[in-house]
Amino acid sequence: MVSKKTTIINQQGLHMRPASEFAKVVTKYDCNVILRINDRDFNGKSVMNIISSCAKYGTEVEIICDGPKEEEALKEAVALIESGFGE
Amino acid sequence: MISMKKGIGASEGIGIGYILKLEEPILNIPNSPVENAHDEFIRFQNIVNIFIEKTLAMANILKMQTGEKEAEILEGHVAIIQDPSIIDGVKEKIEEGLCAEQALSNVCQTFIDIFSATKDPLTMERITDIEDVKTRMLKLLMGIEEVSLAALPQNTILVAKDFTPSMTVGLSKKHVIGILTELGGYTSHSAILARSLGIPAVLNIKDLLQETKNGQEAILDGESGIVFLSPDAATKAQYQQEQQTFLENKKSLQTYKGKPTCTKDGVTVDLLCNIGSLKDAKDALDCDGEGIGLFRTEFLFMERNSLPTEEEQFEAYKEVAKIFGNKPITIRTLDIGGDKEIPYLNLEKEENPFLGYRAIRICLSQTDLFRTQLRSILRASAYGNIQILLPFITSLEELRAAKEIIEETKRELSEKNIPFKKDIPIGVMIETPAATLISHLFAKESDFFSIGTNDLIQYTIAVDRGNTQISNLYTPYHPAVLRAISHIITCAKKEGIPVCMCGEAAADPQLIPLLLSYGLDKFSVGPNSVLNTRKIIAKWDKKNADSLATQVSALTTTDEIKKLLTLH
């Protein structure tokens, strides 16, 4: 299991489009991907889960990957969040 | 009996026709026990595939109807139905013995409950999407046909609580002459769609669904937001007249197409367009703009993760240069900060962003970013009649520093034998009281002025234009604003440099005679205002405009000025 903390930098937070993009990217991996936000865990492969986290600009999020290719998955997931989803 | 309702006018024009309510039918979800859970889940998966195929096809149509952003909503619906929590949830429920319809409804309801419990407005907005996905999936599962908007009777006024993108695919002006909704506002999907199709629309009408019947006659005025239900003969006659006038006016504007822009006594001025994207540039040409008075370059920097490269910017500027041939194109260098933010620049949150690190202040501090933009603008200048406009300049030091960087960039290009327009004009955007008061100094060291009225009003009257509590204070008719404009133009005339105005005031029919009298050379307006502005300019001659300006200069309050201008 690997994990890293990062911060949401896009203005609108994890709304529909970034959430779909995130889920799409991490679904490529077989490992589990969890977003830990304010001590609650959300399934990173589920758009509905990500949206219900209400993560906003400036929210701190810990990404936890567990399973095959967890390192690569974590790297890509963190990079995506830190890119601000092109917003 | 006739009744009147009021909503938000969201798309101009008058519609007279018959109401057709688009109400979602109450779906009677079957409650039959499922014999084979495995087969039932496969049936669900097959329907999901059909749903995805249909949704993507709709997204494509919508892309052409209203643009990328709206279509993204539908693409989001594909992500929802593919969501593992939805799919796994449905599978579990089916295995418990529920049919696919029941299973999907239950799972969707769970998420609707979760989303509403968050009390977060943005998250709660997504409930509409889950509802939409649920309804359309249920209809597919139950074999219920969608009402097709492509085949409706003539003179239909569509009524709905609100229109989701999926409901409006295929809607056409041929049959639909009006749109009414109970929810939504000027920027909602229904409004954007109505405007892009040119269909009159009034939104946000209270109790609309309750008080209307299918087939009921109605009149809507998309400008004032007034709606009449079951109008009497007199009201109908009056609005038929107004509709006639509206259409004639629209048609009469067409006679100004291709004509030069000049006053009654033959003084020619330039009528240019404000644009903020490549699509706008095409619109500007279609609407008969004589060039670009303000090319906002921010769009190149938005909705992405990193700065655009020199090549990307160069291609965009060159593209616009090509569209306009040798007509003038004024490119404004990056004007971010204030209310426009670009997350990847990681600019600090400020207490007073409008008085903070923005526009030229950023460019003079992060010079790499500025130089890259200048190189691409200069390179594009080899392909068209381009000039550079520097935003938010408040001192000579800033102007000189910016000009120095432009000179250095030119030398760099010359050394590499890269072609560019050697004598490219450099202009100053006058949009603060400081710049206004020393505009005689700027006039000696720049090639042209551009008056940005939106900011000039905001900074002169010290009024935030976004603050609704004080929005009545935000007005171009304030004597200080008019004096500022007149002063700027006078200073430019003294040095023989041209002045353009690129704020909303340039298209204001009541201000146009004053601007003509002050001696404004170039009017830069939104593409849709070109013909109307040309028509207004043609109504005035120098003598009448001057006499009006003299009368205005003797007035001391905004109200008096507004009142006098309304009379003309």
Side-chain angles (χ1 to χ4, degrees), chain A residues 6-35 37-59 61 66-67 73 75-87, chain B residues 68-90 107-130 132-134 165 301-308 339-349:
Chain A
T6 181
T7 307
I8 306 294
I9 60 158
N10 52 309
Q11 288 299 316
Q12 305 270 325
L14 293 181
H15 61 94
M16 191 71 179
R17 198 184 58 79
S20 328
E21 205 175 322
F22 188 87
K24 206 166 157 188
V25 165
V26 300
T27 302
K28 289 188 306 196
Y29 294 95
D30 289 331
C31 63
N32 284 322
V33 180
I34 301 290
L35 297 178
I37 296 164
N38 297 329
D39 292 330
R40 290 178 60 204
D41 286 355
F42 299 93
N43 178 357
K45 295 184 177 181
S46 159
V47 189
M48 296 286 99
N49 259 265
I50 301 176
I51 292 176
S52 59
S53 76
C54 303
K56 294 273 172 278
Y57 174 87
T59 301
V61 41
D66 190 10
K75 214 173 135 196
E76 200 172 345
V78 171
L80 188 60
I81 288 194
E82 289 180 352
S83 75
F85 296 90
E87 289 187 354
Chain B
E68 207 73 37
K69 273 260 169 307
E70 302 293 301
E72 262 175 18
I73 298 173
L74 285 176
E75 283 161 2
H77 290 181
V78 174
I80 292 178
I81 201 64
Q82 286 177 315
D83 193 307
S85 341
I86 301 245
I87 302 275
D88 293 350
V90 168
V107 173
C108 287
Q109 194 54 47
T110 312
F111 279 103
I112 291 171
D113 293 344
I114 293 174
F115 281 21
S116 17
T118 65
K119 299 270 179 275
D120 173 56
L122 209 64
T123 305
M124 283 163 73
E125 264 179 37
R126 297 283 74 82
I127 292 175
T128 324
D129 294 300
I130 307 180
D132 196 16
V133 169
K134 182 181 98 179
F301 294 76
M302 312 260 240
E303 294 185 27
R304 50 186 296 142
N305 316 328
S306 57
L307 287 167
D339 55 348
K340 285 167 276 180
E341 292 186 49
I342 297 181
Y344 59 81
L345 288 179
N346 292 316
L347 300 176
E348 274 174 47
K349 286 254 173 211

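If you're wondering where the values come from, they're calculated on a predicted model, not measured in any experiment. Chain letters run A, B, ... following the sequence lines, proteins first and then strands; every chain starts at 1.
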Can you measure from [atom1] ([X]) to [atom2] ([Y]) and round to the nearest 0.5 angstrom?
X	Y	atom1	atom2	value
A:Ser52	B:Asp113	OG	CG	12.0 Å
A:Ile51	B:Ile80	CD1	CD1	6.0 Å
B:Ile86	A:Ser46	CD1	OG	7.5 Å
A:Arg17	B:Glu75	CZ	CD	10.5 Å
A:Asn49	B:Phe111	CG	CZ	5.5 Å

Contacting region of A:Lys24 [heavy-atom separation from chain B under 4.5 Å]: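 Neither part.
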Would you mind reporting whether [Y] and [X] have side-chain heavy atoms less than 4.5 Å apart?
X	Y	result
A:Met48	B:Ile130	yes
B:Tyr344	A:Glu82	no
A:Val47	B:Gln82	no

Measure B:Lys349 against the heavy atoms of chain A and call it side chain, backbone, both or neither at under 4.5 Å. side chain
Are any of the side-chain nitrogens in B:Asp83 or A:Lys45 under 4.0 Å away from the carboxylate oxygens of its partner?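 Salt bridge between B:Asp83 and A:Lys45, a charged N being under 4.0 Å from a carboxylate O: no.
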Step through the shown structure and confirm whether more than 12 heavy atoms of other residues, nucleotides or ligands are within 6.0 Å of NZ on A:Lys56. yes
For a quick test of reading the model, state the closest non-hydrogen atom pair linking A:Asn43 to B:Pro84 and the distance between them.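 Minimum heavy-atom contact is ND2-CG, 4.4 Å.
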